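These figures come from a predicted structure and were not determined experimentally.
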Amino acid sequence: MAKAILNPGREKRILRGHPWVFRSDIERVDGEFTPGDVVDVISARGRFMGRAMYNPASQIALRMFTTHDEPVDEAFIRGRVKRALDYRRKFADMRSCRAIFAESDGLPALIADCFGDVIVIQSLALGMERWKETVVDALCDELHPRGVWERSDVKVRELEGMQMTQGLLRGEVPDRVEILENGIRFNVDVKEGQKTGYFLDQKENRAAIAPFVRGARVLDCFTHTGAFALHAAHYGAAEVTGVDISDLACKQAAENAALNGLEIDFVEANAFDLLRKKYDAHEQYDTIILDPPAFTKTRAAVPAALRGYKEINLRAMKMVKNEGYLVTCSCSHHVLPDAFAAMLVDAAADAKVQLRQIEARTQGRDHPILAASPETQYLKCHILQVLR
């Protein structure tokens with residue numbers, strides 16, 4: 001087995017529990033290897049640090065599998081899959097949850113989501129690609145799905161030297177799969193929907209809005225396929241408007257509302273423009289929900305992203321009635337929790353309102369966070385009361 005020798009001091013991240021080693025942290029690799037192979041990771045002083053998949057073409061050259069001297073083989077991979085599923089079986093609906101969350105489950109760059117009797121997987125690193133079939137076999141043995149569909153159609157694969165791909169891996173998969181989330185029915189477009197088809201990470205946050213929408217006039221911006229909007233209506237909102245720039249998303253959201261017998265007005269519009277228009281018209285709401293897509297994919301664009309977050313939050317704060325509520329989210333993992341919270345304070349000052357924090361939440365328990373890896377915590381969700 002080849003050995004990746006680290007530069008002096010670069011083993012500290014591994015010792016603290018971080019699963020990544022960057023290309024610049026590696027002094028050399030001794031022995032023969034093929035990109036994607038599992039290699040031993042050795043400190044500059046010769047200490048064994050663990051085993052990782054190695055791809056010299058990637059900025060994240062080493063992704064740690066284990067810090068123990070143990071074989072990374074089929075039994076190892078199957079054990080990690082079982083560990084991930086056993087954890088979720090304690091609390092999750094296994095027909096509506098993230099079954100594997102990459103590094104957080106010791107299976108780097110590998111995602112598996114359960115939607116009804118279908119599993120959707122995403123493989124994002126060359127080393128993990130080699131174990132994809134083993135992972136799928138293990139998932140099928142444990143969960144017995146109707147079918148498994150791959151959604152590895154993301155550009156990050158190109159950085160790993162792989163082509164984007166999607167398609168059927170096992171059994172049969174329909175175009176739409178119905179799931180039940182917090183008592184609400186949703187049709188999930190597993191083949192063409194964003195990411196793996198539906199955003200499971202907000203499941204617990206959507207349930208948390210119940211006390212703050214009952215009897216309320218609610219505006220849900222960036223509604224996508226209507227998840228927050230449907231929850232608001234389900235929890236007794238008097239009036240719900242959902243906004244999304246995608247005509248297809250609005251149509252799918254309306255279908256989901258009809259599936260549950262809920263009356264919601266879905267508007268195809270740019271949320272930035274619509275917020276400005278409604279503010280100019282002096283409209284007010286009891287509760288406004290902001291759940292936009294990621295505003296940045298890079299650290300360099302964080303300042304611009306924060307300006308975008310501030311604009312929409314500032315307008316929303318001005319439109320929320322006194323003692324009303326703002327539910328505001330960010331899934332940009334480069335925008336750190338402290339920066340997002342500081343932005344909200346700045347927006348409140350400009351809006352001349354006071355914010356009372358009800359809850360500061362993150363992604364659901366089926367998206368566990370590694371304490372030593374801030375990158376595994378990406379979702380911010382604040383429930384705030386707006387006071388004048």
Side-chain angles (χ1 to χ4, degrees), residues 202 205-206 208-224 226-229 231-233 235 237-245 264-267 269-296 302-332 334-362 378-388:
Q202 291 273 33
N205 298 334
R206 289 188 278 256
I209 71 171
F212 313 109
V213 296
R214 194 169 295 113
R217 186 182 190 219
V218 178
L219 177 65
D220 174 26
C221 295
F222 312 95
T223 193
H224 190 226
F228 268 111
H231 277 76
Y235 291 136
E239 175 190 324
V240 182
T241 300
V243 182
D244 201 276
I245 197 169
I264 301 172
D265 181 24
F266 289 103
V267 179
N270 181 309
F272 283 84
D273 296 339
L274 183 131
L275 282 167
R276 189 177 303 112
K277 180 179 178 181
K278 285 184 173 289
Y279 170 72
D280 291 341
H282 306 291
E283 289 206 46
Q284 288 199 311
Y285 292 85
D286 299 295
T287 303
I288 294 180
I289 301 166
L290 303 175
D291 184 24
F295 282 175
T296 177
V302 165
L306 287 170
R307 288 193 294 272
Y309 285 122
K310 183 176 179 180
E311 179 181 342
I312 59 173
N313 280 279
L314 174 61
R315 298 231 175 246
M317 289 173 193
K318 289 182 175 181
M319 291 164 57
V320 172
K321 294 177 182 177
N322 184 37
E323 299 183 19
Y325 297 92
L326 173 64
V327 181
T328 182
C329 311
S330 166
C331 61
S332 301
H334 289 295
V335 175
L336 299 179
D338 286 349
F340 188 71
M343 174 278 299
L344 291 172
V345 172
D346 289 344
D350 288 355
K352 296 180 173 56
V353 300
Q354 185 179 47
L355 298 179
R356 184 155 63 175
Q357 181 172 290
I358 309 303
E359 290 188 73
R361 306 178 61 87
T362 185
Y378 64 92
L379 184 62
K380 286 76 62 180
C381 176
H382 289 241
I383 302 177
L384 306 161
Q385 189 175 39
V386 178
L387 304 174
R388 288 183 171 77

Would you say the side chain of [Y] lies within less than 4.5 Å of the side chain of [X], judging by non-hydrogen atoms?
| X | Y | answer |
| --- | --- | --- |
| Q202 | D291 | yes |
| T241 | V267 | yes |
| F212 | I383 | yes |
| R361 | H382 | no |
| L326 | M317 | yes |
| C221 | T223 | no |

Is [X] reaching over with its side chain to a backbone N or O of [Y], donor-acceptor style, under 3.5 angstrom?
| X | Y | result |
| --- | --- | --- |
| Q385 | R356 | no |
| N270 | I245 | no |
| R388 | K352 | no |
| S332 | H334 | no |
| D220 | G242 | no |
| T287 | V213 | no |

Hey, is [atom1] on [X] packed in by over 12 heavy atoms from elsewhere, all under 6.0 Å?
| X | atom1 | value |
| --- | --- | --- |
| Q354 | CD | no |
| Y279 | OH | no |
| D338 | CG | no |

Parallel, tilted or perpendicular, as decided by the 30° and 60° cut-offs, for the rings of F340 and Y309: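 Y309 and F340: perpendicular rings.
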
Whether F222 and F272 hold their rings parallel, tilted or perpendicular, with breakpoints at 30° and 60°: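 Taking F272 first and then F222, their aromatic rings stand perpendicular (interplane angle over 60°).
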
Set of side chain to side chain donor-acceptor pair (under 3.5 Å) partners for D350, sequence neighbours left out: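 Result, side chain to side chain donor-acceptor pair (under 3.5 Å) vs D350: K310.
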
Listed partners of Y378 passing side chain to side chain donor-acceptor pair (under 3.5 Å), at least two apart: D201

Considering non-hydrogen atoms only, spot the tightest contact between [X] and [Y] and give its length.
| X | Y | result |
| --- | --- | --- |
| A229 | F266 | CB-CE2, 4.0 Å |
| I288 | A316 | CD1-O, 3.6 Å |
| A339 | L306 | O-CD2, 4.0 Å |
| T296 | V302 | OG1-N, 4.1 Å |
| N205 | C381 | ND2-CB, 3.6 Å |
| V240 | A233 | CG2-N, 3.9 Å |

E283 bridged to K277 by N-O distance under 4.0 Å: no

Geometric cation-pi criterion, R206 with F228: 6.0 Å, 45°: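 Yes; both conditions hold, so R206 lies above the ring face of F228.
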
Derivation and outcome, side chain to side chain donor-acceptor pair (under 3.5 Å), residues T328 and N313: CA-CA 8 Å; T328 182; N313 280 279; 2.7 Å; yes

Straight-line distance of I289 CD1 to I209 CD1, nearest 0.5 Å: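 Atom-to-atom, I289:CD1 and I209:CD1 are 4.0 Å apart.
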
